[in-house]
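These notes are about the structure you will find just below.
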Amino acid sequence: MSEATADASVDSSRRTWLITSCAMGGVGAAAVAVPFVASFQPSERAKAAGAAVEVDVSQIAPGQKVVVEWRGKPVWIMRRTEEQLASLEQIEDQLADPLSKRTAYPTPEYAQNRHRSIKPEILVAVGICTHLGCSPGDKFTPGPQPSLPDDWKGGFFCACHGSTFDLAGRVFRNKPAPDNLEVPPHHYVSDNILLVGEERSA
């Protein structure tokens with residue numbers, strides 16, 4: 001065998017070995033990639049967290065608030081009393097955005113009203129302050145209280161930085177929170193069954 005033939009044979013063998021090695025490496029990489037890509041698929045728990053939440057509002061007493069979780073957020077559902085509803089008009093001159101016109105947290109059209117809800121007595125709002133994401137506390141009792149004005153009509157108080165919201169989740173003027181509380185998509189599937197997380201179909 002000539003020297004040239006021997007070199008060609010070695011080059012051919014080396015080429016075959018390289019191709020085989022690369023092919024096997026590619027198979028290995030693909031095998032590793034499958035579980036890695038699969039890890040980006042949403043888990044069943046994550047899917048459940050985004051699902052709409054059904055609430056029977058007939059079980060909520062006047063003046064009572066319940067909390068459900070939707071997409072990992074606390075959603076407040078409160079049945080306001082006649083007195084609480086009446087107070088919403090009395091403090092509008094103290095509010096930063098009484099008609100919910102700001103767009104940082106767009107308010108659904110069906111909640112762009114004084115009570116910010118479909119049914120006047122039922123408040124549906126995300127219980128997260130629009131300032132830095134704290135959760136405001138309930139301050140439903142009217143009247144003078146620490147850190148609240150003397151003419152307080154009832155609402156929510158964020159102790160982290162002092163933002164105050166009325167019983168429709170509207171923020172008072174000159175507070176750190178830049179916007180009203182978020183109103184999540186919701187609708188009623190019957191007189192008493194509320195579905196949080198979905199708009200009504202057209």
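As a basis for the values below, the full set of heavy atoms in this structure was taken, side chains included, without hydrogen atoms, waters or symmetry mates. Because the structure is a prediction, the values reported are computed rather than measured.
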Pro142 vs Glu83 side-chain heavy atoms within contact, under 4.5 Å: no
Ring center gap for Phe140 and Phe156 short of 6.0 angstrom: yes
Over all atoms of both residues, closest heavy-atom pair of Thr141 and Trp152: O-CD1, 3.4 Å
Common cluster, Tyr188/Ile77, ILVMFWY with side-chain heavy-atom separation under 4.5 Å: yes
Heavy-atom check, side chain of Pro62 versus side chain of Thr81, under 4.5 Å: yes
Non-hydrogen atoms of Phe165 and Asp179 that approach each other most closely: CE2-O, 3.7 Å
Transitive ILVMFWY side-chain link Val171 to Leu148, under 4.5 Å: no
Interatomic distance, Asp166 atom CG to Lys153 atom NZ [nearest 0.5 angstrom]: 12.0 Å
4.5 Å side-chain heavy-atom contact, Glu121 and Leu85: yes
Pro185 side chain near Trp70 side chain, heavy-atom distance below 4.5 Å: yes
4.5 Å side-chain heavy-atom contact, Ile122 and Ile118: no
Spacing of CZ belonging to Arg80 relative to NE2 belonging to His115, to within rounding of 0.5 Å: 7.5 Å
Set of salt bridge (charged side-chain N to carboxylate O under 4.0 Å, His left out) partners for Glu198, sequence neighbours left out: none
Positive for side chain to side chain donor-acceptor pair (under 3.5 Å) with Thr107, one of Lys101, Gln112, Arg170, Arg116: Arg116
